[in-house]
Amino acid sequence: MKDYAAFLSERFGGKVQKLAVNAGFTCPNRDGTVGRGGCTYCTNAAFNPSYCDARLSVAEQLERGKAFFARKYRSMRYLAYFQAYSNTHAPVETLRAMHDEALAVDGVVGIVIATRPDCLPDDVVDYLLELSQRTVLIVELGVESSHDETLKLINRCHDWATVRDAVDRLTRCGITVGVHLILGLPGETEEMMEATVSEIAALPVSLIKFHQMQVLRGTRLAAQYERHEVELAQWTAGQYAALCARLLKLIPPHMVVERFVSQSPPSMLIAPRWNLKPGEWTELLNKKIEEI
């Protein structure tokens, strides 16, 4: 299995670091476009790096990110990662101005855009094709599950057919597509998760990013969890690693897995609390892969 760092290194001929940007976007299931309240599990504060601040310009955030990583690396190139919420949920003129600002920052050699499959109207896809002809572009789609009943339960406000359509329209333009999947969503069995991965494996997707379902303070899911209104998997770290090892068998060799676990600030995390360092997780996963 080729890892994400190797994928980027091959594409750029050396090490590249993603720098997250909070450009002040919202989501269509938050602002009333398709719904209200957002996804039941979501709070952007759980994954927003310290150098991200929507009150700052795109360039200022990227310069802060460069300074943050300069302590680790002497020489580095960067991808501007538009991460917070749905980063195509705006007029094309707004998107173009933000991306132009990012690409003008010294050392930035590409753009990564996290968005939803229902935030890709034709004019935005046309613009993304244009952008991909100017620089390296990766579009990451929040998919989470292939099961419409789950998507409805977590208030995604789109269905699986929308995901397939978005992947098709982007890849027909030659745009590199990644997907985000959550393992352990309310009510899902491991067989349902395997079915989702099999569905993704049949699509022209280049990158997959998994993370475990995390219950975070202040979310609607946290309230549901505390009132025992939803059923969530109660995996140990070992059980989750064993699931990931099995899922790897379903992923075609050309697809790159960016990650399997996500880390949130301990003060925000209700469950699961595994307290594993990245190296410990990798060792555990490799052990489970060897056992299969």
Side-chain angles (χ1 to χ4, degrees), residues 1-8 10-11 29 34 39 41 86-88 112-122 124-125 128-129 132 136-213 233 235 240-262 285 288-289 292:
M1 177 187 70
K2 183 189 298 183
D3 65 20
Y4 187 62
F7 167 81
L8 292 179
E10 286 184 7
R11 180 161 292 200
N29 65 342
V34 297
C39 301
Y41 53 81
S86 298
N87 290 273
T88 56
V112 181
I113 297 171
T115 192
R116 291 164 50 99
D118 59 349
C119 284
L120 293 164
D122 289 343
V124 169
V125 174
L128 293 176
L129 171 59
S132 71
V136 173
L137 173 66
I138 300 171
V139 176
E140 297 184 353
L141 297 176
V143 171
E144 320 318 353
S145 173
S146 68
H147 303 283
D148 285 347
E149 62 269 33
T150 301
L151 297 175
K152 183 176 181 180
L153 182 62
I154 61 177
N155 198 45
R156 285 293 296 177
C157 298
H158 68 73
D159 60 11
W160 174 243
T162 303
V163 174
R164 292 199 306 267
D165 178 67
V167 171
D168 178 65
R169 291 165 63 228
L170 290 169
T171 55
R172 277 193 284 112
C173 293
I175 295 170
T176 300
V177 175
V179 297
H180 297 188
L181 299 179
I182 299 177
L183 301 177
L185 285 163
E188 288 210 346
T189 64
E190 293 188 9
E191 289 74 21
M192 292 173 72
M193 299 170 216
E194 290 171 359
T196 291
V197 174
S198 295
E199 291 278 5
I200 291 295
L203 298 178
V205 168
S206 299
L207 303 162
I208 303 178
K209 181 187 290 184
F210 295 99
H211 69 81
Q212 76 281 20
M213 181 74 265
W235 292 310
Y240 179 71
L243 170 64
C244 291
R246 294 196 300 274
L247 294 179
L248 273 175
K249 298 290 186 180
L250 305 175
I251 299 171
H254 70 274
M255 290 187 183
V256 175
V257 178
E258 183 173 350
R259 73 176 188 206
F260 284 102
V261 291
S262 179
L285 176 61
K288 296 300 180 182
I289 292 172
I292 292 179

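Quick note: residue numbers are just sequence positions, from 1.
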Which pair of heavy atoms, one from Met213 and one from Pro186, lies closest together, and at what distance?
SD-CD, 4.3 Å

Would a distance-only check, ignoring hydrogens and angles, find a side-chain to backbone donor-acceptor pair under 3.5 Å from Asn29 to Asn155?
yes

Where is the tightest heavy-atom contact between Leu285 and Ala245, given as atom of each residue plus distance?
CD1-N, 4.0 Å

Working to the nearest 0.5 Å, report the span between CG of Leu203 and CE of Met255.
6.5 Å

Drop me the distance from Arg164's CZ to Asp159's CG, to the nearest 0.5 angstrom.
8.0 Å

How long is the straight-line distance from CD of Glu149 back to CD1 of Ile154, given to the nearest 0.5 Å?
11.0 Å

Criterion side-chain contact (heavy atoms from CB on, under 4.5 Å) on Val163 and Glu199, from CA distance to verdict:
CA-CA 11 Å; Val163 174; Glu199 291 278 5; over 6 Å; no

According to the interplanar angle, ranging from 0 to 90°, do the rings of Phe210 and Phe260 count as parallel (below 30°), tilted (30 to 60°) or perpendicular (above 60°)?
parallel

What verdict does the side-chain contact (heavy atoms from CB on, under 4.5 Å) test give for Val34 and His158, after you've listed the backbone C-alpha separation in whole Å, the side-chain angles of each residue and the deciding distance to 0.1 Å?
CA-CA 9 Å; Val34 297; His158 68 73; over 6 Å; no

Between Asp148 and Lys152, does at least one N-O distance fall below 4.0 Å, as a salt bridge requires?
no

Nearest heavy-atom approach of Ser262 to His211 is CB-CB, 3.4 Å

Could you check whether any side-chain N or O of Thr196 sits under 3.5 Å from a backbone N or O of Ser146, counting only pairs where one atom can act as donor and the other as acceptor?
yes

Just how far is it from atom CG of Leu153 to atom CD of Glu188, taken to the nearest 0.5 Å?
9.0 Å

side-chain contact (heavy atoms from CB on, under 4.5 Å) partner of Ile113, the single match among Ile138, Leu128, Leu141:
Leu128

Student check: side-chain heavy atoms of Leu185 and His147 closer than 4.5 Å:
no

Reported CD-to-CG distance for the pair Glu258 and Leu8, which is rounded to 0.5 angstrom:
7.5 Å

Does the side chain of Glu144 come within less than 4.5 Å of Cys39's, by heavy atoms?
no

So side-chain hydrogen bond (donor to acceptor under 3.5 Å, both in side chains) across residues 248-257, not counting sequence neighbours, yields none

Would you say Thr88's side chain and Cys119's backbone share a donor-acceptor pair under 3.5 angstrom?
yes

Identify the heavy atoms of Val125 and Leu120 that sit nearest to each other, and give their distance.
CG2-O, 3.6 Å

About how many Å separate NZ of Lys209 and OH of Tyr4, when rounded to the nearest 0.5 Å?
7.0 Å

Consider only side-chain N and O atoms of Arg156 and Ser145, and report whether a donor and an acceptor are under 3.5 Å apart.
no

Test Cys244 against Leu183 for side-chain contact (heavy atoms from CB on, under 4.5 Å), laying out the working first.
CA-CA 9 Å; Cys244 291; Leu183 301 177; 4.1 Å; yes

Could you list the residues that satisfy side-chain contact (heavy atoms from CB on, under 4.5 Å) with Arg246, not counting sequence neighbours?
Glu190, Glu194, Ala242, Leu243, Ile292

Salt-bridged, Arg169 to Asp165, with N to O below 4.0 Å?
yes

Please find the pair of heavy atoms, one from Trp160 and one from Leu151, that lie closest to each other, and give the distance.
N-CD1, 3.8 Å

